[in-house]
Peer 1: 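Encoded as structure tokens, here's the structure I'll be asking about.
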Amino acid sequence: MNTHDELSRSSNQTSHRRWLHYLLIILLTIGITFRWANLETKVYWHDEVYTTLRSAGYMSDPSTQSVFSNQLVTPKDLQQYQTIRSGSNLQDTLTSLAIEDPQHPPLYFLLNRVWMMLFGSSLTALRSLAVLISLASLPAIYFLACELFGDNLTAWFAMVLLALSPLDILFAQVSRQNSLWTLTVILSSLCLIKALQADTTRKRYFCWGFYTLSCIAGFYTHLYFFLTYLAQFIFMLWLMVKDRSNIRSFFLFMLASGITFLVFLPWAIVVATNYSRALSVTIWSSGYYSLTTFKLWFLNLTALFVDLDLGFDNPFTYVSGQS
């Protein structure tokens, strides 16, 4: 093969790689557009109602009995609860969660309350917070993939896959803490890798500090963040067993864990104290399984792709899988 052929092949590879980047940029743009599309027209569903109620500082007292009475509630009835409760503050948001929904840590609800104070409580405003958090996950997964695979193109693929994930798009358009949970999972993993790679004392403690903050944010976002932490703990334990020189990193990891659990302890006490309440409002997700349970699972799965809002009792719902 002569020099001309080698240059020609190299030029073709460069051209193909450039066009692949263009394609990935287009796909990324589509994923971002999907997150913003029709925010105000999607059904404002059950869980989002509770997000607003808790963020606004409402509790199931006589003034909100119509919402918590197992009766049909009209949109007009709910409008009055979509704004911050008069005379309430951040402490009321914490109290509402601690008493009524202790299984939900308060970070997202506090952020949502501040967001409501700044931008109002329209559907677009409420959901835009989740959209922006979801968008922040895209560069986060890019940098995580760079650290894991050391390849720019692979990182682009990871970012585009997350951008086009039907589940992530669904979470991005719902006023719930799921998008923040995704972000904290990615950031904690990224900070852990950066901490392990740090080559100076200053950089090492800086990265471990950010890892600690990301874990605190994760636990205060969703209790299931514990599964992410458990995987990271097993990974760090494996590193130490594999190579004893990693014992210092394991010690710093345990120090970060100790600080995290100490900061999370107040809410852990809230959950333990109000465990019966947490169990009563989540009992639907455990124990007895019926045809209705499996139908709900099926509807949640298919709603990622098509949702015609036919109604739960519509016979065609069983065939089409639409809610």
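We're numbering straight along the sequence, starting at 1.
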Peer 1: Report yes if the distance between the aromatic ring centroids of Phe264 and Trp267 is under 6.0 Å, otherwise no.
Peer 2: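 Phe264 vs Trp267: aromatic centres not under 6.0 Å.
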Peer 1: Given side chains that start at C-beta, do those of Thr83 and Met116 come closer than 4.5 Å, heavy atoms only?
Peer 2: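 Result no, sub-4.5 Å side-chain heavy-atom pair not found.
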Peer 1: Check Ser88 against Ala56 and note the closest heavy-atom contact, atom names and distance.
Peer 2: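 So the two residues come closest at OG-O, 3.4 Å.
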Peer 1: Got a donor-acceptor contact below 3.5 angstrom from the Thr51 side chain to the Ser175 backbone?
Peer 2: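 Answer holds: yes.
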Peer 1: If we ignore hydrogens and angles and just use 3.5 Å, is the side chain of Glu48 paired with the main-chain N or O of Trp45 as donor and acceptor?
Peer 2: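 A pair under 3.5 Å: yes.
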Peer 1: If you round to the nearest 0.5 Å, how far is CZ of Arg127 from CG of Leu39?
Peer 2: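 Going from the CG atom of Leu39 to the CZ atom of Arg127 covers 7.0 Å.
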Peer 1: What do you reckon, are the aromatic ring centroids of Tyr220 and Phe225 less than 6.0 Å apart?
Peer 2: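 Here the rings of Phe225 and Tyr220 have centres that are no less than 6.0 Å from each other.
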Peer 1: Please tell me whether Leu97 and Leu107 are part of a single hydrophobic cluster in this structure, the criterion being side-chain heavy atoms less than 4.5 Å apart.
Peer 2: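 Yes, because Leu97 and Leu107 connect within a single hydrophobic cluster, where side-chain heavy atoms sit under 4.5 Å apart.
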Peer 1: Can you find a pair of side-chain heavy atoms, one from Tyr142 and one from Leu162, that are under 4.5 Å apart?
Peer 2: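 No, too far: nothing below the 4.5 Å cut-off.
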Peer 1: With no hydrogens and no angle check, do the side chains of Asp151 and Thr154 hold a donor and an acceptor under 3.5 Å apart?
Peer 2: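 There is such a pair (donor and acceptor under 3.5 Å, judged by atom type) between the side chains of Asp151 and Thr154.
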Peer 1: Does atom CD1 of Ile247 have more than 12 heavy-atom neighbours, drawn from other residues, nucleotides or ligands, at distances under 6.0 Å?
Peer 2: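 Open: at most 12 neighbouring heavy atoms sit under 6.0 Å from CD1 of Ile247.
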Peer 1: Counting only N and O atoms by type, is there a donor-acceptor contact under 3.5 Å from the side chain of Ser128 to the main-chain atoms of Thr124?
Peer 2: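 Answer holds: yes.
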Peer 1: Are Leu28 and Ile141 in one and the same hydrophobic cluster, where Ile, Leu, Val, Met, Phe, Trp and Tyr link if side-chain heavy atoms are under 4.5 Å apart?
Peer 2: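 Per the 4.5 Å side-chain linkage, Leu28 and Ile141 are co-clustered.
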Peer 1: side-chain contact (heavy atoms from CB on, under 4.5 Å) between Leu187 and Leu213: does it pass, once the steps are laid out?
Peer 2: CA-CA 10 Å; Leu187 287 180; Leu213 291 175; over 6 Å; no
Peer 1: Quiz question: by atom type and distance under 3.5 Å, do the side chains of Asp92 and Tyr58 form a donor-acceptor pair?
Peer 2: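 Tyr58 and Asp92 do not have a side-chain donor-acceptor pair below 3.5 Å.
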Peer 1: Taking it one step at a time, do Phe250 and Leu239 satisfy side-chain contact (heavy atoms from CB on, under 4.5 Å)?
Peer 2: CA-CA 8 Å; Phe250 185 78; Leu239 281 183; over 6 Å; no
Peer 1: Do the ring planes of Phe226 and Phe219 sit parallel (below 30°), tilted (30 to 60°) or perpendicular (above 60°)?
Peer 2: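 If you compare the ring of Phe226 with that of Phe219, the planes turn out tilted.
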Peer 1: Are the ring centres of Trp208 and Tyr211 closer than 6.0 Å?
Peer 2: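 Yes: the rings meet the under 6.0 Å criterion.
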Peer 1: Check whether any side-chain N or O of Ser165 sits under 3.5 Å from a backbone N or O of Leu161 as a donor-acceptor pair, and report yes or no.
Peer 2: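 The answer is no, because no donor-acceptor pair under 3.5 Å joins these two groups.
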Peer 1: With clusters defined by side-chain heavy atoms of hydrophobic residues (ILVMFWY) lying less than 4.5 Å apart, directly or transitively, does Ile186 cluster with Leu167?
Peer 2: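 They do not share one cluster, since no chain of ILVMFWY contacts under 4.5 Å joins Leu167 to Ile186.
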Peer 1: Once rounded to the nearest 0.5 Å, what's the spacing between atom CZ of Arg248 and atom CZ of Arg204?
Peer 2: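 One finds 4.0 Å between CZ of Arg248 and CZ of Arg204.
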Peer 1: Can you tell me if Tyr224 has over 12 outside heavy atoms packed within less than 6.0 Å of its OH?
Peer 2: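 Incorrect, the count does not exceed 12.
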Peer 1: Is it true that atom OH of Tyr229 has more than 12 heavy atoms of other residues, nucleotides or ligands lying nearer than 6.0 Å?
Peer 2: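 For Tyr229, atom OH is crowded (more than 12 foreign heavy atoms under 6.0 Å).
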Peer 1: Is there a side-chain contact between Leu129 and Tyr108 (heavy atoms, below 4.5 Å)?
Peer 2: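 The answer is yes, as the side chains (C-beta and beyond) meet within the 4.5 Å cut-off.
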Peer 1: Is it the case that the side chains of Trp115 and Ser55 hold a donor-acceptor pair, with the cut-off being a distance below 3.5 Å and no angle test?
Peer 2: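 There is no such pair between these side chains.
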Peer 1: Which pair of non-hydrogen atoms, one from Lys203 and one from Ala198, has the smallest distance, and what is that distance?
Peer 2: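 In terms of heavy atoms, the two residues are closest at C-CB, 3.9 Å.
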Peer 1: Should we say atom CZ of Phe206 is surrounded by more than 12 heavy atoms from elsewhere, each under 6.0 Å from it?
Peer 2: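 Not buried by this count: 12 neighbours or fewer within 6.0 Å.
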Peer 1: Thr212 and Ala256: which non-hydrogen atoms are nearest, and at how many Å?
Peer 2: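 Of all heavy-atom pairs spanning Thr212 and Ala256, the closest is OG1-CB, 3.1 Å.
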Peer 1: Taking all heavy atoms of Phe109 and all of Arg54, pick out the closest pair and write down the distance.
Peer 2: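 So the two residues come closest at CD2-CB, 3.8 Å.
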Peer 1: If we count only N and O atoms by modelled type, under 3.5 Å, do the side chains of His222 and Arg176 hold a donor and an acceptor together?
Peer 2: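 Checked: His222/Arg176 side chains show no N/O donor-acceptor pair below 3.5 Å.
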Peer 1: Side chains of Thr182 and Asp168, heavy atoms from C-beta outward: is any pair under 4.5 Å?
Peer 2: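 When only atoms from C-beta onward are counted, Asp168 and Thr182 do touch, with a gap below 4.5 Å.
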Peer 1: Using every non-hydrogen atom in the two residues, find where Leu94 and Pro106 come nearest and quote the distance to one decimal.
Peer 2: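 That closest heavy-atom pairing would be CD2-CB, 3.4 Å.
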Peer 1: Any heavy-atom pair between the side chains of Leu183 and Ser137 that's under 4.5 Å?
Peer 2: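 The answer is yes, as the side chains (C-beta and beyond) meet within the 4.5 Å cut-off.
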Peer 1: In Å, rounded to the nearest 0.5 Å, how long is the span from CG of Leu192 to SG of Cys215?
Peer 2: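 The SG atom of Cys215 is 8.0 Å from CG of Leu192, to the nearest 0.5 Å.
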Peer 1: Distance alone, cut at 3.5 Å: any donor-acceptor contact between the side chains of Asp101 and Gln103?
Peer 2: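 Note: Asp101 and Gln103 side chains meet the donor-acceptor criterion.
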Peer 1: Hey, are the side chains of Leu23 and Trp19 touching, using non-hydrogen atoms and a 4.5 Å cut-off?
Peer 2: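 They are not in side-chain contact.
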Peer 1: Would Phe143 end up clustered with Leu135 when hydrophobic side chains under 4.5 Å apart are linked, directly or stepwise?
Peer 2: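 Same cluster: Phe143 reaches Leu135 through Ile, Leu, Val, Met, Phe, Trp or Tyr contacts under 4.5 Å.
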Peer 1: Taking atom CD1 of Ile84 and atom OG1 of Thr52, what is their separation to the nearest 0.5 Å?
Peer 2: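 If I round to the nearest 0.5 Å, the distance is 10.5 Å.
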Peer 1: When you look at Leu20 and Phe157, which way does the side-chain contact (heavy atoms from CB on, under 4.5 Å) test go after all the steps?
Peer 2: CA-CA 10 Å; Leu20 181 57; Phe157 271 108; 4.2 Å; yes
Peer 1: Verify side-chain contact (heavy atoms from CB on, under 4.5 Å) between Tyr205 and Leu252, making sure each step is shown before the conclusion.
Peer 2: CA-CA 9 Å; Tyr205 285 108; Leu252 291 173; 3.7 Å; yes
Peer 1: Donor-acceptor pair, Thr184 side chain versus Trp181 backbone, under 3.5 Å?
Peer 2: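 Yes.
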Peer 1: What's the separation between atom CG in Asn112 and atom CE in Met117, rounded to the nearest 0.5 Å?
Peer 2: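 Taking CG in Asn112 and CE in Met117, the distance rounds to 12.0 Å.
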Peer 1: Kindly give the heavy-atom pair with the smallest separation between Gln173 and Arg35, and that separation in Å.
Peer 2: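 Heavy atoms only, the tightest pair is NE2-O, 3.0 Å.
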